[in-house]
Amino acid sequence: MDSRIVEIRSVLDALARVERADNDTKEQVYDRELARIRLLERERIIELVKLAIGNDRRRRRYSPLIFSELYEVSGIDVVFSELLQAADADGRAHIIQTIGLRKMHNLVGVLNEHFVHERDDFCRDRLLHALATLSERSSLPIFEYLMRKNDRRDEWVLVVAGRHYGAPEFRDYLTRVFENP
């Protein structure tokens, strides 16, 4: 057995053990454990992570954290697509944030498709912020839809999107927002 499988399992189990801990403790453990993933050789790493997870539900629950550390590995786009469909809200939020923070433009289409399926408010917010930051033309219809819907909850993300896009499609909406006291 590849020693990386043992290492990955150890990290996943450590992440799961602090599930009920306070946020500061979680952050310390997450930082320490995920640093171990960054040190692993990348050859066949996606396959090895999947072997390390196996059928274990707790390991599967924390796998998005591991995969997010592997954002530069070939084939991660397929894994991220699968996780957006299968992971819980925490896992989806982590994947979405990774795509946005790492400016993974190649995954904008995946986020665009996922928008219509996302039901968790926090994940939806993270998704819209990621799309606004990436500001790809293919995401513009989502923002146009939100502007027509005119829901006050989307106001801030639309302002952010308007700033990033700098597109004329935002003009009327932003004018209304800034004229409204």
Side-chain angles (χ1 to χ4, degrees), residues 1-136 138-139 142 157:
M1 178 187 314
D2 191 311
S3 64
R4 292 177 290 171
I5 294 174
V6 174
E7 183 80 1
I8 295 163
R9 282 182 181 156
S10 172
V11 170
L12 286 165
D13 293 343
L15 298 175
R17 276 193 301 274
V18 296
E19 184 171 20
R20 298 192 196 288
D22 62 89
N23 286 338
D24 288 339
T25 301
K26 280 184 187 177
E27 187 175 341
Q28 290 173 1
V29 171
Y30 285 13
D31 288 348
R32 182 185 68 238
E33 295 300 321
L34 293 173
R36 293 169 55 191
I37 298 300
R38 288 190 287 273
L39 298 175
L40 295 177
E41 180 190 330
R42 296 305 199 230
E43 183 182 339
R44 296 180 41 240
I45 192 70
I46 291 176
E47 172 191 345
L48 296 176
V49 171
K50 288 179 178 182
L51 287 171
I53 296 165
N55 291 323
D56 189 295
R57 286 188 331 190
R58 284 184 77 192
R59 288 179 182 157
R60 188 175 312 117
R61 182 166 190 268
Y62 289 93
S63 68
L65 296 169
I66 302 294
F67 286 119
S68 288
E69 293 299 322
L70 305 174
Y71 66 92
E72 82 289 351
V73 174
S74 176
I76 199 67
D77 53 337
V78 174
V79 174
F80 280 7
S81 290
E82 292 168 355
L83 286 171
L84 285 174
Q85 293 175 15
D88 64 9
D90 288 338
R92 290 192 316 275
H94 205 79
I95 294 301
I96 291 165
Q97 288 173 316
T98 299
I99 292 169
L101 291 171
R102 301 295 183 190
K103 302 208 182 320
M104 300 173 79
H105 290 271
N106 59 319
L107 293 175
V108 167
V110 170
L111 293 181
N112 287 342
E113 289 176 28
H114 185 68
F115 172 74
V116 297
H117 303 289
E118 187 56 66
R119 297 293 173 241
D120 182 83
D121 288 339
F122 182 72
C123 289
R124 181 182 180 276
D125 183 63
R126 296 296 85 212
L127 184 136
L128 290 171
H129 276 280
L131 290 176
T133 301
L134 295 168
S135 60
E136 294 278 338
S138 64
S139 302
I142 291 171
V157 76

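Throughout, numbering of the chain's residues begins at 1 and tracks the sequence.
Atom OG1 of T25 and atom CZ of R20 lie 15.0 Å apart (nearest 0.5 Å). For the atom pair CZ (R58) and CG (L15), the distance works out to 10.5 Å, reported to the nearest 0.5 Å.
Using a 4.5 Å heavy-atom cutoff, the side chains of I66 and L34 are in contact. Side-chain contact between L51 and I8: absent, with no pair of heavy atoms (C-beta onward) separated by less than 4.5 Å. Residues K26 and N23 are in side-chain contact: their nearest non-hydrogen atoms beyond the backbone lie under 4.5 Å apart. Residues R61 and D90 meet the side-chain proximity criterion, which asks for heavy atoms closer than 4.5 Å. Counting heavy atoms from C-beta outward, H129 and R126 have side chains that approach closer than 4.5 Å. A heavy-atom distance below 4.5 Å is not found between the side chains of L12 and D56. Looking at Y62 and I53, their side chains never come closer than 4.5 Å, going by heavy atoms from C-beta outward. Inter-residue side-chain proximity for L128 and I142 is flagged as met; some heavy-atom pair is nearer than 4.5 Å.
Side chain of R4 to main chain of E41: a donor-acceptor pair is present (N/O by atom type, distance under 3.5 Å, no hydrogens or angles). Within the 3.5 Å criterion, the main-chain N or O of A52 finds a donor-acceptor partner in the side chain of R9. Remark: the backbone N or O of V6 is not paired with any side-chain donor or acceptor of S10 at under 3.5 angstrom. The backbone N or O of Y30 sits nowhere less than 3.5 Å from a side-chain atom of R32 that would complete a donor-acceptor pair.
In this view, R57 satisfies the salt bridge (Lys or Arg N to Asp or Glu O under 4.0 Å) rule with no residue, not counting sequence neighbours. Taking D13 as the reference, R17, R59 meet the side chain to side chain contact (heavy atoms under 4.5 Å, CB included) condition, with sequence neighbours excluded.
Ion pairing of E69 with R38 is present here, as a side-chain N (NZ or NE/NH1/NH2) and a carboxylate O approach within less than 4.0 Å. Using a cut-off of 4.0 Å between Lys/Arg side-chain N and Asp/Glu carboxylate O, R36 and E33 are scored as salt-bridged.
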Please list, one pair per line, the donor and acceptor atoms closer than 3.5 Å that link side chains of residues 94-111 to other protein atoms, with sequence neighbours excluded.
from : atom 1 : to   : atom 2 : distance (Å)
T98  : OG1    : S68  : OG     : 2.9
T98  : OG1    : H94  : O      : 2.9
H105 : ND1    : E136 : OE2    : 2.4

